[in-house]
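Working notes for the structure below.
Because the structure is a prediction, the values reported are computed rather than measured. Atom set for the values below is all heavy atoms of this structure, side chains included, hydrogens, waters and symmetry mates excluded. Chain letters run A, B, ... following the sequence lines, proteins first, then strands; residues in each count from 1.
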Amino acid sequence: MQELKEYNPKDIEEKWSKFWIEKALYHIEKPDKRRKFSVVIPPPNVTGSLHMGHALNATLQDIIVRWQRMKGRDCVWVPGFDHAGIATQYVVEKQLAKEGKSRLELGREEFLKKVWEWVPKSRNAIRTQLTKLGVSVDWKRERFTLDEGFSRAVRKAFRTLYEEGLIYRAEYIVNWCPKDLTALSDLEVEYEEEPGALWYIKYPIVDENGHDTGEFITVATTRPETMLGDTAVAVNPNDERYKHLVGKKARLPLVNWKRKDLKGNEVDNLIPIIADERVKMDFGTGAVKITPAHDPLDFEIGKTHNLPFVKVIDKTAKMTENAGDFAGMDRYEAREAIVARLRELELLEKEEEITHSVGHCYRCKTVIEPMVSVQWFVKVSDPKIRDISIKVVEEGIKESHEKELFLQLAEVEELTLTIPVTDKGRHVAVIVLDKNTKILAGKREGELAYIYYPKGDEKSLELAKKLANKIKNFEFFAVYEGSPKVIVFGNEELLPPDTYLVLYDGKEVKLYKLQGKELRPVETLAKGEADLEVAQKSIKVRVERVKQVEEEEKKVRFIPEHWKKFYLEWMYNLKDWCISRQIWWGHRIPVWYCKDCGNINVFTDDDFDRAYDKIIFNLIADGKIKNEFTPEEIEQILKSPHFVHPEMTVLDFYKKFVFHRYFSTDITADSLRLFFTQEANPMAMLTPGVSTRGLYRYDSQKKKWKMVLRCKRCRSENLEQETDVLDTWFSSALWPFGVFGWPENTEDLKNLYPTDLLVTGFDIIFFWVARMIMMGTHFMKDIPFHDVYVHALVRDKFGRKMSKTLGNVIDPLDIIEKYGADALRFTLAILTVQGRDIKLAEEKFEGYKHFANKIWNASRYVLMNTPEDFLARLPYMAPLKPEDKWIITRLNETAEAVNKALSEYQYSQAAHAIYEFFWSDYCDWYIEFTKERIYKKPPEGEGEEVEQLKMQIENERTTALYTLHYVLEKALRILHPFMPYITEELWHKLPSAEGESISLKEFSEKNEEEIFTEDKEKVERLKEIITAIRSLRADLQIKPNQKIKAAYKTESELSKKVIEEFKHHILNLAKLESFEEVSERPKDTVATFSRDTEIYIYTEGQVDVEKLIQSYEKKREKLLKELDRVNKKLSNENFLKKAPVEVVEKEKQIKEELENDLKKVEEILKVLKS
RNA sequence: AGGCGGGUAGCUCAGUUGGGAGAGCGCCGCCCUUACAAGGCGGAGGUCGCGGGUUCAAGUCCCGCCCCGCCUACCA
């Protein structure tokens, strides 16, 4: 007997999440490539705390990962987070602003220190939150986009792309944020509809001599301030209104000062009128002013027509010197001033109010200024990147490679196998297959290597080959005809004779029955390491060369599928990706410009060959040390705890996560000094074995060492590093292989890439998913993931986005606090339907906390009735009753439903199936059924008969308990991926639970041998009868606890059988005193019916006849309506002719049922009315 | 403007090859029955947005329309 306290999620959740982490339960050091299931977590920003979207994302992944793990996969789920360049910088700048400081005052170095101080706080918060959710990630593999390994990977990627000509630097018009002072990619700009104005400005036409002709050309603009940078007026070549003006010039109003283009050349204020197809005739006046330096379309037109580029707005959105009289003004100030001036000069034809959409910085919401500047781009439009990224999604790439295997074929006369299974060195089982063993096939190094088969029996050989092809994961398998002997924990058992397949997949030994081509799983025999002891008689071995074609499909699948189109549309119109950002927080571009010859040098640690050099270079490139440093500084950094993995030092991190090998035992200030001295020693050339690379130089005044980088072209030391950093998404794009150690060719990379699943929100398909596909296919020559599950957006109950400004956010942590992580997870899962956003209200969590509570209490019932010696009693249990078989059947059906749903990512369906089973089947019905056996009191008295009766009662009780346990344990496993905590807690309390954690047990599968159709039907019928009685009781206002008499009449054998067999249940569950068969309706009874059975309840006292009549009238109407529909159908000749026979038959059956019901209702009504 | 998704019970939503309209919450009635009142039992509630078509048969497929949401593009 075990007492369970009240359900309190807090108590158990903390305990188990700690347990999982401390035991590193979800860490697999060396996953097996053949059965791995790898996932990388979409790294949350370090900026915020987790919101509901993150909780959803993590939950959906964890459900699949836990499920796959239980199905025997080696799951590796890598957590991490990204540095979120602009967002983080923005947050820290805002904090500084509160102290009245700006980053520019602080300087780059000091500012970055501040960021590094701030980041761990946020990152720890995220880590805690994920932990609370119960995610089964492998914390030992945690990564950060700015850790040493990742930074190195980023430089490597940059360099590779640059050398391949896929990264270029160019002058281009970009989206500029004048507040954050950086360029933004197209995706980082948010457009919003805003009221604005369209100003019509008259530009005077001049003749060849520059004199006004008196004619004007009117242009329309929303941004008059940019007119100062105009270098042309454009019209459509087909526009009759302006044809005569093309080729002439206009005088740019206001501008009577000198303007200079980007190269410093003077630009005239007489600007050409040009013709260009891109000008729309029907917009504005059909004539458009061209400001190539401040408008994307004008930029394009300026390029084609070779127009000068005049910048009139600077990076802080102030007017430049080119703006003459308006220089120094803010752009909006200038706008007003210019409009006023034009009005004075009567050059303003009119002003029109319009709404137009204006681009804003996604982060600070400042209006974007399109601006020409020099930026770095990835040429993603190059077919080398784009085409393959389209193809892997559009149709997939099939690759087949042919392999040659040397297969040993051993013809044997007699073959005997013994398969001992050991678990952590301890023998747990032995399977003995005597000389009737037909086939043995086995692998070496993952490839089919040998087959033993009976001499001359080519059929068996063929079967062996066929099976080898069909079964993916096996170390060896054997086919056996006869009765195998199985010894588990010393108990010997002989299985019934038949043909068996014994399969070992490296983890567990499974037994199948072989029926023709079908494999039917029987059971898992044992888990652990299996050996093979082979004894054979007369062996003849030959070697066969087998050519094996392995087909591999590289295809990224979007779920739901329509996101595929979304992705492809974008890829078809791909523009090059601006990757430089003028901020400080991020990966500084690894480019060093030569100030002497202008060469662009890209350095990575590939340029250096020793571990010391590599580390020092990386420290410099990461900004961890300056170009000049002391050995002590380096030692201090290397010996400090690592940021992501504080359990190791930075140096250890370098060894493990950057270089993936142990190159040296230690690096100290002394060893560094020695190294530098040798390197820098001019006498080195006299010392054998010491290089003269001159890579380090000592400054005796500063007492610092310097690493000397030289221009790769002219050897000049006069280098200057690029100040820009890379777009955060550039590093995120490397995530699925970067976390596994790329660019090193690590075991993890070989075993875990491509990953199996990516779960993410649609809003970052372009930002992230697309870029991972581009970079993955480019660097790894393979897709980054097979499935992309795009989850919904979490909205509030009115369907609005959750946002802090609206104040409608639901914080997952609050929910966990109030309802528990299990309830949170289950709620999110059950609300997750493909292709639909989630509208969330707090009440929902409450409902599913009730579900958790229900399971808790059901388990309490089971446990409080379980005697200490339960396991010892099991051998004496009585045979299963039909209701036991019914619940077992339902359990198996549920397992099947959940497996199927999860394999299709139908979270809601999976959750519903287990919910329904637990609550309705197990709690509402099954537990109620068992109460009779559980609570039955043994008879009083003595004597043999009494003893026997006592024993029988005891054994039947054991059966009920056995079934309760058996089903509960398996159901908990099915529920585990959704509610990991409560299932873990309860599972450990079950006496039948063996092992470390429910999360490592196998997931329940449907077992055909546990489907008892007949028992299921009988119990379903029983439920109907009970419900019918309860319903009538309620109609008659009979109190639930009042026992009453009832009777029934039926012609049906089945119903009669069910009622007699389960009369005790009917009496108990419908609270009846008696339920006897009668041949006619007894007096003083009210009738109801269930299908073919009439049920009579004896009434005592008042009956509200009117109410009953109403109720039956309603039923009658409903039946008539239904009957009408069916009759119409059945009287339709076409229906009878064209519909499939089954459908017609079914319809006829329905009709019969309806008519029967109607007849009964009418009879009842007649009696009631009389 | 184009594309996508949605419109089913009071609310939130299921409904997978077209074949008797479902769940949860809410509501109403009865009940503290020894797992659970965070519960049990019973019940009411629906022209499946509108119109047309295909079909023996349409919530489900096709066409048109109306709302709602989102995305993309244009916006001189």
Check the interface with nucleotides 5-7 of chain B: list each N/O to N/O pair with the protein under 3.5 Å, or write none.
| from | atom 1 | to | atom 2 | distance (Å) |
| --- | --- | --- | --- | --- |
| B:rG5 | O2' | A:Gly835 | O | 3.3 |
| B:rG6 | O3' | A:Arg836 | NH1 | 3.2 |

Query raised in the report: Residues in salt bridge (charged side-chain N to carboxylate O under 4.0 Å, His left out) with A:Lys1151, at least two apart?
Result: A:Glu1155
Query raised in the report: For A:Ile765 and B:rU72, what is the distance between atoms CD1 and P respectively, to the nearest whole Å?
Result: 11 Å
Report task. Please determine, for the side chain of A:Arg1030, which listed nucleotide (B:rC36, B:rA14, B:rG42) has the closest atom? Result -> B:rG42
Query - Set of salt bridge (charged side-chain N to carboxylate O under 4.0 Å, His left out) partners for A:Asp1124, sequence neighbours left out - result: A:Lys1128
Requested in this report: Go through B:rC36, B:rG20, B:rG43 for me and flag the one nearest to the A:Ser1031 side chain.
Outcome: B:rG43
Show the distances under 3.5 angstrom between N or O atoms of the protein and N or O atoms of nucleotides 54-58 of chain B.
| from | atom 1 | to | atom 2 | distance (Å) |
| --- | --- | --- | --- | --- |
| B:rC56 | OP1 | A:Lys1138 | NZ | 2.3 |
| B:rC56 | O2' | A:Asn1132 | ND2 | 2.9 |

Report task. Provide the distance between the two C1' atoms, one in B:rG53 and one in B:rA58, to the nearest whole Å. Result -> 11 Å
**Report entry** Separation of atom CD1 in A:Ile354 from atom P in B:rC74, rounded to whole Å
**Finding:** 15 Å
Query raised in the report: What integer distance in Å separates A:Glu569:CD from B:rG3:P?
Result: 10 Å
Query raised in the report: Would you say the side-chain atoms of A:Tyr819 and A:Glu842 include a donor-acceptor pair closer than 3.5 Å?
Result: yes
Query raised in the report: Using Watson-Crick and G-U wobble pairs with both distances under 3.5 Å, what is the 5'-to-3' dot-bracket string of RNA chain B, with [ ] for crossing pairs and | for pairs outside the strand?
Result: (((((((..((((.....[..)))).(((((.......))))).....(((((..]....))))))))))))....
Query - side-chain hydrogen bond (donor to acceptor under 3.5 Å, both in side chains) between A:Arg331 and A:Thr226, worked out - result: CA-CA 9 Å; A:Arg331 52 184 166 170; A:Thr226 62; over 6 Å; no
Query raised in the report: When rounded to the nearest Å, what value does the distance between C1' atoms of B:rG45 and B:rU33 take?
Result: 30 Å
Report task. Have a look at A:Val279 and say if it touches a base, only the backbone sugar-phosphate, or nothing, with a 4.0 Å heavy-atom cut-off. Result -> base
Check nucleotides 21-32 of chain B against the protein and report each pair of N or O atoms closer than 3.5 Å, with its distance, or say if there are none.
| from | atom 1 | to | atom 2 | distance (Å) |
| --- | --- | --- | --- | --- |
| B:rC31 | OP1 | A:Lys1039 | NZ | 2.9 |

Query - Which nucleotide in B:rG40, B:rA38, B:rC74 has an atom nearest any side-chain atom of A:Glu6 - result: B:rA38
Query raised in the report: Taking OP1 and OP2 of B:rC13, is either one under 4.0 Å from a side-chain nitrogen or oxygen of A:Lys839?
Result: yes
Query raised in the report: In this structure, which one of A:Tyr907, A:Phe762, A:Phe558 forms a ring pair (Phe, Tyr, Trp, His ring centres under 6.0 Å) with A:Tyr789?
Result: A:Tyr907
